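Okay, so here's the structure we're looking at.
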Amino acid sequence: MTKILFVCHGNICRSPMAESVMAYLVKEKGIADIGVDSAATSTEEIGNGVHPGTQRVLRAHNIPLIPHRARQLTWWDGQNYDLLIGMDAANLRNMSRMIGVSEKVHGLLDWSPRPRDIADPWYTGDFETTFRDIWEGCTALLEALTQ
């Protein structure tokens with residue numbers, strides 16, 4: 001089984017969105033050997049549920065929300081997961097610092113034709129653009145994993 005951990009700053013917007021999107025795509029394709037989870041680099045939102053904006057955009061696209069409470073990335077995650085996928089350059093730096101396993105750390109859009117950061121909708125308020133970027137990244141990653 002390939003285990004993927006999606007990571008963002010607070011684990012209430014982008015990473016649970018990516019976790020839900022990837023779980024949806026994996027289920028739709030009938031793939032049983034990919035597992036997903038998510039975590040934060042910060043402690044700011046630990047224990048909190050998914051941001052209402054993320055819930056709203058997932059509902060609008062008929063993507064089931066994975067039951068979730070924010071948690072922080074641990075050293076153990078670096079040992080346990082095959083891929084640790086960050087949403088932006090700051091996440092990637094913090095992830096490598098926290099787990100010390102840089103060869104497993106990648107950006108979500110690294111597999112897309114246009115690698116780039118995924119903007120944090122906590123600040124932009126634009127959950128739809130974040131959703132489109134996450135959809136692009138998850139579909140490209142899944143394609144790479146299943147080729």
Side-chain angles (χ1 to χ4, degrees), residues 2-31 34-74 77-78 80-99 101-147:
T2 301
K3 295 186 288 184
I4 304 168
L5 184 68
F6 295 102
V7 181
C8 68
H9 181 76
N11 193 216
I12 62 167
C13 295
R14 295 173 291 174
S15 58
M17 185 185 295
E19 177 186 0
S20 294
V21 166
M22 185 60 95
Y24 171 81
L25 291 170
V26 165
K27 183 177 180 183
E28 287 291 303
K29 293 191 178 285
I31 301 168
I34 295 177
V36 296
D37 198 357
S38 64
T41 57
S42 76
T43 59
E44 294 171 26
E45 300 287 348
I46 290 177
N48 290 337
V50 175
H51 189 285
T54 293
Q55 293 179 39
R56 197 168 34 258
V57 77
L58 289 172
R59 250 191 327 273
H61 290 277
N62 297 312
I63 308 284
L65 175 65
I66 299 295
H68 175 78
R69 290 284 172 209
R71 72 173 186 89
Q72 188 177 31
L73 176 71
T74 66
D77 291 325
N80 188 50
Y81 287 90
D82 300 299
L83 292 170
L84 292 99
I85 309 296
M87 302 296 135
D88 62 37
N91 299 152
L92 297 175
R93 280 190 305 276
N94 289 332
M95 291 163 64
S96 292
R97 180 183 51 77
M98 293 169 77
I99 64 170
V101 185
S102 61
E103 68 274 3
K104 293 182 177 183
V105 174
H106 303 276
L108 180 54
L109 288 168
D110 287 357
W111 288 273
S112 79
R114 274 188 334 124
R116 61 197 182 279
D117 285 351
I118 296 175
D120 190 342
W122 174 265
Y123 300 105
T124 67
D126 188 353
F127 286 85
E128 184 60 37
T129 295
T130 297
F131 175 84
R132 286 194 306 267
D133 286 348
I134 285 173
W135 183 269
E136 177 184 335
C138 286
T139 55
L141 173 56
L142 188 57
E143 184 177 320
L145 290 173
T146 56
Q147 284 184 0

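The model shown is predicted, which means the values in this text are computed figures rather than measured ones.
Listed by chain and number, the residues in a ring-ring contact (aromatic ring centres under 6.0 Å, His included) with His106 are Trp111 (sequence neighbours excluded). Glu143 meets the salt bridge (charged side-chain N to carboxylate O under 4.0 Å, His left out) test with no other residue; sequence neighbours excluded. Ala89 is linked by a side-chain contact (heavy atoms from CB on, under 4.5 Å) to Arg93, Asp117, counting only residues two or more places apart in sequence or in another chain. By the ring-ring contact (aromatic ring centres under 6.0 Å, His included) test, Phe127 is found to be paired with His51, residues two or more places apart in sequence or in another chain being considered. For Lys29, the side-chain contact (heavy atoms from CB on, under 4.5 Å) partners two or more places apart in sequence, or in a different chain, are Ile31, Leu142. Gln72 pairs by the side-chain contact (heavy atoms from CB on, under 4.5 Å) definition with Thr43, Ile46, Met98, not counting sequence neighbours. With sequence neighbours left out, Arg116 forms a salt bridge (charged side-chain N to carboxylate O under 4.0 Å, His left out) with Asp133, Glu136. In this structure, the side chain to side chain donor-acceptor pair (under 3.5 Å) partners of Asn80, at least two apart in sequence or on a different chain, are Lys3. Taking the side-chain contact (heavy atoms from CB on, under 4.5 Å) definition, one finds that Leu65 meets it with Ser20, Val50, Gln55, Leu58, sequence neighbours left out.
Counting all heavy atoms, side chain and backbone alike, Tyr81 lies closest to Lys104 at O-NZ, 3.0 Å. Taking every heavy atom of both residues into account, Ala23 and Val36 meet most closely at CB-CG2, 3.9 Å. The shortest non-hydrogen separation linking Ala40 to Gly10 is CB-C, 3.5 Å. Contact record, Ser15 with Ser38: O-CB, 3.6 Å, taken as the closest heavy-atom pair. Of all heavy-atom pairs between Leu25 and Cys138, the closest is CD1-CB, 3.8 Å.
For residues 39-54, no pair satisfies salt bridge (charged side-chain N to carboxylate O under 4.0 Å, His left out), with sequence neighbours left out. For residues 119-128, the pairs satisfying salt bridge (charged side-chain N to carboxylate O under 4.0 Å, His left out) are Arg14-Asp120, Glu128-Arg132, with sequence neighbours left out.
Between the side chain of Ser42 and the main chain of His9, a donor-acceptor pair closer than 3.5 Å is present. With Asp77 contributing its side chain and Leu73 its backbone, the two residues share no donor-acceptor pair below 3.5 Å.
Expressed to the nearest 0.5 Å, how far CG of Leu108 lies from CG of Asp88 amounts to 11.0 Å. Between Ile134 atom CD1 and Cys13 atom SG the span is 9.0 Å, to the nearest 0.5 Å. Rounding to the nearest 0.5 Å places CG of Leu92 at 7.0 Å from CG of Asp110. Once rounded to the nearest 0.5 Å, the distance linking CD1 of Ile118 with CZ of Phe6 reads 9.5 Å. With rounding to the nearest 0.5 angstrom, the CG atom of Asp37 is 5.0 Å from the CZ atom of Arg71. In this structure, CG in Leu145 is found 6.0 Å from OG1 in Thr2, a value given to the nearest 0.5 Å.
No hydrogens or angles considered: a donor-acceptor pair under 3.5 Å links the side chains of His68 and Asn11.
Proximity of Val57 to Thr130: side-chain heavy atoms (C-beta onward) are nowhere separated by under 4.5 Å. Counting heavy atoms from C-beta outward, Asn62 and Tyr24 have side chains that stay 4.5 Å or more apart.
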Does the pair Ile12 and Trp122 meet the rule for a side-chain contact (heavy atoms from CB on, under 4.5 Å), with working shown? CA-CA 9 Å; Ile12 62 167; Trp122 174 265; 4.0 Å; yes

